[in-house]
Amino acid sequence: MPLIGYARVSTEDQTPLPQSEALQSAGCIEIFEEHASGGNRARPVLARVLERIGKGDTLVVVRIDRLARSLSHLLEVIERLEGKGAFFRSLQDPIDTASPQGKFTLQVLGAAAEFERALIRERTKAGLASARAKGRVGGNPGLRTKDPAALRKVRLARQDGYMARLNETAQDWVPHVRRLRPDMAWEDVLRIINGPLPHSRHWTQSRLLRAVKAYVRDGFLPDEVLGRAGRRETDDRLPAIVAAIKGSDPDITLQAICDRLEAMRERTPRGRTSWQPSSVRMLLERAERLGLLVRQMD
């Protein structure tokens, strides 16, 4: 069961060497190092690690806080790993999702997070009820009078909140959109994005388009990604999809591509639901001949 290590430090002045040495001693065959704040969920190296990990792999960190600074982010990452059939282990914490004890600890953490959210909801309700009993009306006075300045302020705040939520998931969809659009139809781009994600985090096409338009509006994506996709021959569709998966992770194995295609519910050229590495290799070779795959296969 391959172990893949992730080491993180917050600033360039710090060194991840002690973490990397501990991960190497634990048997990690690959170790990824990153200089980034733990509060930033959109870390490029972490995104690459989560894309790289496949079925049966284990993501290993020295401590939980090297991966996530919040319980919600930790559970989100572990859910994504579980969706890919992978595991998580922390060397200095009692969490190893490949063991019954580690799974139990994770369930306790999840229950604690839900309990905390329930307490916050109850306190909010109690506070609103107390305010109403004292004759105080909640809400923004400017909104009640439909003041233009207040309405504009709320609208901008909502936009900022929406962009902040998008930034937390940007690693899931922005690289694919940037690389595949407008050469590939939105339907196929959507299937490639959703392939490695757990069902609870799947995108709909309308939601994805709204996110892309917001990023184009703010200059994070070029206008070209919203262009009309060119018509592609039916026989070229599968090679294009396989090339896109390979392009997002050049080191991905043929079997991992098979797993991704099955998760996307793509049928083989012969109409079967189960994929074999030989079929994927054939499509990759066709993609190279069509000029869809820049990098040569190993």
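Residues R63 and D93 are in side-chain contact: their nearest non-hydrogen atoms beyond the backbone lie under 4.5 Å apart. A heavy-atom distance below 4.5 Å is not found between the side chains of S90 and R66. Within the 4.5 Å cutoff, no side-chain heavy atoms of R272 are placed close to those of S274. The shortest side-chain heavy-atom distance between L81 and D57 does not fall under the 4.5 Å cut-off. You'll find the side chain of I192 reaches within 4.5 Å of the side chain of I241, heavy atoms only.
Taking R8 as the reference, nothing meets the salt bridge (Lys or Arg N to Asp or Glu O under 4.0 Å) condition, with sequence neighbours excluded. Evaluation of the side chain to side chain donor-acceptor pair (under 3.5 Å) rule for N194 yields no partner, not counting sequence neighbours. With sequence neighbours excluded, the residues forming a side-chain contact (heavy atoms from CB on, under 4.5 Å) with S200 are E79, P198, listed by chain and number. R217 is linked by a salt bridge (Lys or Arg N to Asp or Glu O under 4.0 Å) to nothing, counting only residues two or more places apart in sequence or in another chain. Applying the salt bridge (Lys or Arg N to Asp or Glu O under 4.0 Å) criterion to R191, with sequence neighbours excluded, gives E266. Partners of R80 according to the side chain to side chain donor-acceptor pair (under 3.5 Å) rule, which considers only residues two or more places apart in sequence or in another chain, are D172. Considering only residues two or more places apart in sequence or on other chains, P277 meets the side-chain contact (heavy atoms from CB on, under 4.5 Å) condition with L254, Q255, C258. Residues satisfying the side-chain contact (heavy atoms from CB on, under 4.5 Å) test with E76, not counting sequence neighbours, are R41, H73, R201. Every residue was checked against the salt bridge (Lys or Arg N to Asp or Glu O under 4.0 Å) condition with R43, not counting sequence neighbours, and none meets it. For R181, there are no side chain to side chain donor-acceptor pair (under 3.5 Å) partners two or more places apart in sequence or in a different chain.
Under the 4.5 Å side-chain heavy-atom criterion for Ile, Leu, Val, Met, Phe, Trp and Tyr, L75 and V60 are members of distinct hydrophobic clusters. Neither V62 nor I78 shares a network with the other; the hydrophobic side chains, linked directly or stepwise wherever heavy atoms of I, L, V, M, F, W or Y lie under 4.5 Å apart, form separate groups for each. There is a path of hydrophobic side-chain contacts, each under 4.5 Å, that joins V189 to L226. A single hydrophobic cluster is seen to contain both V225 and F220, as judged by linkage of ILVMFWY side chains at heavy-atom distances under 4.5 Å, directly or through other members. One hydrophobic cluster, built from ILVMFWY side chains closer than 4.5 Å, holds both L74 and V45.
Among all heavy-atom pairs drawn from P269 and M282, the shortest one is CG-CE, 4.0 Å. Summarising the geometry of M163 relative to A214, their closest heavy-atom pair is SD-CB, 3.8 Å, with the distance given to 0.1 Å. The two atoms that bring P175 and A170 nearest to each other are CD-O, 3.5 Å, heavy atoms only. The minimum heavy-atom distance linking L197 with H202 is given by the pair O-NE2, 3.1 Å. Closest non-hydrogen pair, T11 versus H35, comes out as O-CD2, 3.0 Å.
With hydrogens and angles disregarded, a donor-acceptor distance shorter than 3.5 Å links the side chain of T97 to the backbone of F88. Put simply, the side chain of E224 never gets that close to the backbone of P182: no donor and acceptor are under 3.5 Å apart. D188 contributes no side-chain N or O that, together with a main-chain N or O of A185, makes up a donor-acceptor pair within less than 3.5 Å. With hydrogens and angles ignored, the 3.5 Å screen pairs a side-chain donor or acceptor of K84 with a backbone N or O of L50. Q19 contributes no side-chain N or O that, together with a main-chain N or O of A7, makes up a donor-acceptor pair within less than 3.5 Å. No side-chain donor-acceptor contact under 3.5 Å links R178 to the backbone of L221.
One distance of note links CD1 of I193 with OG1 of T169; it measures 10.0 Å at 0.5 Å rounding. In this structure, W275 CH2 and R267 CZ are separated by 11.0 Å, a value rounded to the nearest 0.5 Å. The CG atom of L91 sits 11.0 Å away from atom CD1 of I64, with the distance rounded to the nearest 0.5 Å. Summarising the geometry, atom CG belonging to L67 is positioned 7.0 Å from atom OH belonging to Y6; distances are rounded to the nearest 0.5 Å. Here CD1 of I245 is found 6.5 Å from CD1 of I252. Values are rounded to the nearest 0.5 Å. Atoms CZ and CE, from R237 and M184 in turn, are 8.5 Å apart once rounded to the nearest 0.5 Å.
Residues in residues 163-193 take part in these ring-ring contact (aromatic ring centres under 6.0 Å, His included) pairs, two or more places apart or across chains: W173-W203, W173-Y215.
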Could you go through residues 22-32 and list every donor-acceptor pair under 3.5 Å that involves a side-chain atom there, pairing it with any protein atom two or more places apart or in another chain?
{"residue": "S25", "atom": "OG", "partner": "E21", "partner atom": "O", "Å": "3.0"}
{"residue": "E30", "atom": "OE2", "partner": "R52", "partner atom": "NE", "Å": "3.1"}
{"residue": "E30", "atom": "OE2", "partner": "R52", "partner atom": "NH2", "Å": "2.4"}

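Screening V242, T268, I257 against L283 for a side-chain contact (heavy atoms from CB on, under 4.5 Å) leaves a single residue, V242.
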